[in-house]
Every structure is written in C-alpha cells, then in structure tokens.
Protein chains: 2
Amino acid sequence: MARYDVQMTMEKPYHHGDLRSALLAAAESELLEKGVEAFSLRSVAKRAGVSHAAPAHHFGDATGLLTALAAYGFQEFLATQHAFEARAPQTPRDQLIAAGLGYVGFARTRPALFKLMFGSQRTDYSDAALGSAAEAAIGHLTSQVKLVGSVAAQDVAAVWATAHGLADLIIAGRISVIRDFSEDDLQAMLATILARSLPGV
Amino acid sequence: MARYDVQMTMEKPYHHGDLRSALLAAAESELLEKGVEAFSLRSVAKRAGVSHAAPAHHFGDATGLLTALAAYGFQEFLATQHAFEARAPQTPRDQLIAAGLGYVGFARTRPALFKLMFGSQRTDYSDAALGSAAEAAIGHLTSQVKLVGSVAAQDVAAVWATAHGLADLIIAGRISVIRDFSEDDLQAMLATILARSLPGV
DNA sequence: CCTCTATCTTGACAGTGTCAGGATAGATGG
DNA sequence: CCATCTATCCTGACACTGTCAAGATAGAGG
C-alpha cells in the first residue's frame with residue numbers, strides 16, 4: 001500500500017533525498033542557538049536525523065559545511081540588499097542607502113549567518129563557491145558607491161564600514177538606545193547615519 | 001647554593017608564582033594563533049607549563065578564563081585610546097577622532113583580544129569585572145561625543161559604528177586597498193572617515 | 001538481472017572540557 | 001620549632017567532539 005510506503009519513508013529511509021539542504025538548514029539553527037564556537041557537527045547530524053559521519057560525504061569536514069553555509073549566506077545577503085533597493089526611490093543615492101539598510105537588515109534577520117560570514121575563522125575563503133559569492137556581494141556595494149559619483153576607495157570603505165559597524169553592534173545588542181525605538185524610527189536613524197558616511201555631494 | 005636553587009626553581013616549581021597572569025598571556029597567544037573557535041584550554045595550560053586542570057582553580061572553566069581575558073582587553077583598549085588622545089590636539093573634535101583612531105589601532109595591534117571582546121560568545125558579560133571594564137571603555141567614547149556638543153544617541157551610534165566597522169573589516173583583511181597605503185596615509189583616511197560620521201557642526 | 005556507484009551507518013581513535021580526589025608547599029598559630 | 005591549615009597544582013576518569021576506515025544499503029545503468 002502506498003500509505004504504508006509513505007510511512008516507511010517518513011520513518012527512516014536509508015537515503016535521505018536532500019540531505020545536503022537539510023544539513024545546511026540544521027547547521028543554521030545550530031549556529032543560532034549555540035553560536036559558532038559551540039557548534040557541533042554531530043549535533044547537526046542528529047538534528048537532520050542521520051548518523052554522525054553522514055555530513056562528511058557532502059561537505060568533507062566541519063569547515064566544509066560552514067564554508068558552504070557561508071556561501072549560501074552571501075547569496076541571501078545579496079538578495080536582501082536587492083529587496084531593500086526595490087522598495088526605495090530609484091536615485092543612486094537612495095539606492096545606496098537602501099543597500100546599506102539591507103546590509104543591516106540581513107544581519108538582524110539572520111544573525112547566525114552574518115556572524116559566520118564576517119566573524120568566524122572556520123570558513124575557507126579560498127573555496128571557489130564562497131569566494132565568488134562573497135565577491136559578488138561586496139562588488140555590489142562597491143558599484144553602488146560608484147553610481148553615486150565617487151570613485152575614491154575611501155568612500156567605499158566609509159559606507160561599508162558604517163553599515164558593517166551598525167550591523168555588528170546591533171546584533172551584539174550593544175546599541176541599547178534602539179530598544180525604545182519603533183521600527184520606523186530605527187530605519188530613519190540608520191538611513192541618517194549611512195547618508196552621513198557618503199561624501200557630501 | 002643560590003645558583004642551584006634558582007635552577008631548580010626555573011625547572012619545575014610546584015607553585016608557579018603567577019600562574020594567573022601566565023595563563024592570560026598564554027591564552028592571548030593561543031587566540032592569536034588558533035582563533036577563538038579552535039581555542040583549547042589544555043593547550044593553554046601546556047603553554048604555561050602546568051597540568052590541564054590547573055586553570056580551573058583560577059578561572060573556574062574556559063569561559064571564566066576568556067571572560068577575565070576580555071576584561072583585561074577592555075583595560076588595554078581604553079589605555080590605547082588615551083594614548084592616541086594624548087598625542088592629538090586638545091580640541092574636543094580632535095580628541096574624539098583620536099579616540100576613534102585608538103579604537104582601530106587597538107584592533108590592529110591586538111586583533112585576538114578585539115575579536116574576543118566583540119565577536120565571541122564565550123565571554124560572560126554578566127561578570128562584574130568584565131561588565132565594568134566594558135562599560136568604562138564605552139562610556140569614554142560616549143562622553144567624548146558629548147564634549148563635541150552632541151547629546152543625540154544617534155551621533156554616539158554613528159561614530160561608534162564607524163570606528164567599529166573600520167576596525168572589524170581591517171583586521172579581517174577585507175579592506176584590501178589599504179595594502180598599498182603608507183601608515184600615514186591610512187591614518188589620514190581613517191581620520192577623514194571618522195570625521196564624516198560626526199554631525200557637521 | 002547484475003554490477004556499479006553514491007549514499008549512509010557503525011566502530012574506532014585521539015583530543016577536548018570538566019569533575020573528583022590526592023599531592024605539595026607556603027602560611028598560620030601554638 | 002613544629003603541627004596543622006589552606007591555597008595551589010596534579011592525576012585519573014568521564015562524556016563528548018571531529019575525523020578516518022570499513023561495511024551496509026539502495027538506486028541507476030548496462
């Protein structure tokens with residue numbers, strides 16, 4: 001009977017079907033709860049319902065899994081920036097600020113991924129997938145700055161550092177004043193600070 | 001003979017004398033070489049020449065050691081900012097920028113400590129020593145902003161985020177353009193970016 | 001139908017943090 | 001001067017970790 005087959009399948013199929021994606025999702029949850037430092041590969045495997053050595057075949061070792069997760073994170077990161085830009089006015093300056101807001105927004109929505117991507121030593125940036133994904137995300141910000149009119153490396157560094165600093169401090173819970181802010185007020189404050197980092201054209 | 005006694009003492013005294021300080025120093029070296037995630041308490045003990053359980057009596061567990069190290073880090077952090085300020089002009093604005101340069105300077109000089117203080121989950125900020133040390137360092141920056149004339153929380157967040165973002169991205173090696181910069185050019189660029197984060201009084 | 005290959009499991013190993021109990025040495029009080 | 005006391009450090013054990021080797025399973029292709 002089909003019903004029985006399904007139940008068998010649900011219970012314990014030898015081949016998972018999409019273990020790679022399941023492990024990535026489990027790893028993000030693991031990071032969110034325990035942090036990068038207490039990350040356990042065996043615990044991730046248990047979350048996905050497979051044996052402790054199953055991840056090895058898909059990712060090699062723990063660094064391989066975290067590297068793949070970081071690469072996925074940069075894709076999401078770029079997508080978030082694009083989503084923010086789509087809702088903003090189409091002037092270069094507004095678009096750049098929207099990218100900055102997306103930068104911070106991603107960090108607040110996926111803090112585990114953000115910390116992995118920017119604050120961890122357990123990722124291998126010589127990996128092709130991670131390298132190109134990271135370069136795409138950073139290149140986007142750079143091109144946005146150029147569209148505003150600046151070609152100075154100093155201006156890229158300024159807006160990037162401002163967005164990054166805001167993101168990092170906020171998800172660390174260190175900017176305590178924003179607790180009393182509404183979401184709109186917070187966005188307005190972030191936009192003001194980001195705008196200030198641009199050369200005052 | 002005194003000489004023999006000294007040699008005996010150098011070889012293997014049962015009581016270390018200043019094991020607490022030795023462990024903190026060894027821990028910073030360990031962090032610098034391996035990173036926070038690969039940090040090993042047993043390896044730190046081996047560096048200090050004691051058994052693997054010796055740190056427990058001084059720090060409780062691994063988190064206790066890293067917490068104490070972070071508290072020490074915030075003292076050094078504040079001292080670095082003061083050192084930068086001492087060499088700068090005595091105007092409020094120059095003093096604040098000097099504090100920001102000290103912020104980045106500390107991160108570049110002691111990256112392991114900086115990452116531990118701002119990017120790790122293995123520190124206990126409910127600890128009294130760490131809490132007060134961190135508050136002292138952050139309170140300093142806040143008071144510097146107020147001296148410039150601003151009382152808006154937004155301005156504190158702006159200059160803090162800018163300094164923090166620059167520090168974090170630089171020690172992560174992500175701002176690649178600075179590789180071609182001389183030290184003076186780098187300081188000038190940082191000062192320009194930091195100055196931009198202030199309200200344009 | 002039979003092999004081939006990708007996928008997953010089991011079992012083992014060295015290394016980790018932490019706890020319990022014992023050894024040592026400097027300090028304290030008689 | 002000596003006995004005890006306490007802080008300091010060591011040894012041994014436990015559960016847990018990541019990784020490797022070898023075997024089991026199932027789907028795919030000839």
Visitor: Between P on C:dT9 and CG on A:Leu23, what's the gap in Å once rounded to a whole number?
Guide: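 About 10 Å, once rounded to whole Å.
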
Visitor: Show me the donor-acceptor pairs, under 3.5 Å and distance only, between side chains in residues 152-166 of chain A and residues at least two apart or in other chains.
Guide:
from	atom 1	to	atom 2	distance (Å)
A:Asp155	OD1	B:Arg196	NH1	3.0
A:Asp155	OD1	B:Arg196	NH2	3.1
A:Asp155	OD2	A:Ser150	OG	2.3
A:Trp160	NE1	A:Tyr103	OH	3.0
A:Thr162	OG1	A:Ala158	O	2.7
A:His164	ND1	A:Tyr103	OH	2.9
A:His164	NE2	B:Asp168	OD2	2.9

Visitor: Taking only residues at least two apart or on different chains, which pairs with a member in residues 96-107 of chain A satisfy salt bridge (Lys or Arg N to Asp or Glu O under 4.0 Å)?
Guide: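 Listed by first then second residue: nothing to list.
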
Visitor: Holding to salt bridge (charged side-chain N to carboxylate O under 4.0 Å, His left out), I want the full list of residues that pass it with A:Glu135, two or more places apart in sequence or in another chain.
Guide: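 Not a single residue meets the salt bridge (charged side-chain N to carboxylate O under 4.0 Å, His left out) criterion with A:Glu135.
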
Visitor: For B:Glu76, give me all partners under side-chain contact (heavy atoms from CB on, under 4.5 Å), at least two apart in sequence or on another chain.
Guide: B:Tyr72, B:Phe106, B:Arg110

Visitor: Mind calculating the distance between CG (B:Leu19) and C1' (D:dC10) to the nearest angstrom?
Guide: 12 Å

Visitor: Could you work out, with salt bridge (charged side-chain N to carboxylate O under 4.0 Å, His left out) as the rule, every residue matching A:Lys146, not counting sequence neighbours?
Guide: none

Visitor: N/O contacts under 3.5 Å, protein versus nucleotides 14-20 of chain C?
Guide:
from	atom 1	to	atom 2	distance (Å)
C:dT16	OP1	B:Ser40	OG	3.3
C:dG17	OP1	B:Leu41	N	2.3
C:dG17	OP2	B:Leu41	N	3.2
C:dG17	OP2	B:Arg42	N	2.8
C:dG17	N7	B:Arg42	NH1	2.5
C:dG17	O6	B:Arg42	NH1	3.1
C:dT18	OP2	B:Ala62	N	2.9
C:dT18	O4	B:Arg42	NH1	3.3

Visitor: Side-chain donor-acceptor pair under 3.5 Å between B:Ser40 and B:Glu30, yes or no?
Guide: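 There is no such pair (donor and acceptor under 3.5 Å, judged by atom type) between the side chains of B:Ser40 and B:Glu30.
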
Visitor: Answer yes or no: does a side-chain N or O of A:His58 lie under 4.0 Å from OP1 or OP2 of C:dC8?
Guide: yes

Visitor: Going by salt bridge (Lys or Arg N to Asp or Glu O under 4.0 Å), name the pairs with one or both residues in residues 116-133 of chain A, residues two or more places apart or in two chains.
Guide: none

Visitor: Please round to 10 degrees the angle between the axis of the first five pairs and the axis of the last five pairs in the helix from C:dC1-D:dG30 to C:dG30-D:dC1.
Guide: 0°

Visitor: Can you sort out the partners of A:Arg108 under side-chain hydrogen bond (donor to acceptor under 3.5 Å, both in side chains), two or more places apart, ordered by chain and number?
Guide: A:Glu183

Visitor: Going by the rule side-chain contact (heavy atoms from CB on, under 4.5 Å), which residues pair with B:Gln121 if we only count those two or more places apart in sequence or in a different chain?
Guide: A:Glu37, A:Lys115

Visitor: Rounded to whole angstrom units, what separation is found between the CZ atom of A:Arg47 and the P atom of D:dT17?
Guide: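 Between P of D:dT17 and CZ of A:Arg47: 12 Å.
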
Visitor: Under 4.0 Å between a side-chain N/O of A:His57 and OP1 or OP2 of C:dC8, yes or no?
Guide: no

Visitor: Find every protein N or O atom lying less than 3.5 Å from an N or O atom of nucleotides 4-6 of chain D, and list the pairs.
Guide:
none

Visitor: Holding to side-chain contact (heavy atoms from CB on, under 4.5 Å), I want the full list of residues that pass it with A:Pro89, two or more places apart in sequence or in another chain.
Guide: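 A:Pro89 satisfies side-chain contact (heavy atoms from CB on, under 4.5 Å) with A:Asp94 once adjacent residues are dropped.
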
Visitor: For the ring pair A:Phe74 and A:Phe114, is the centre-to-centre distance below 6.0 Å?
Guide: no

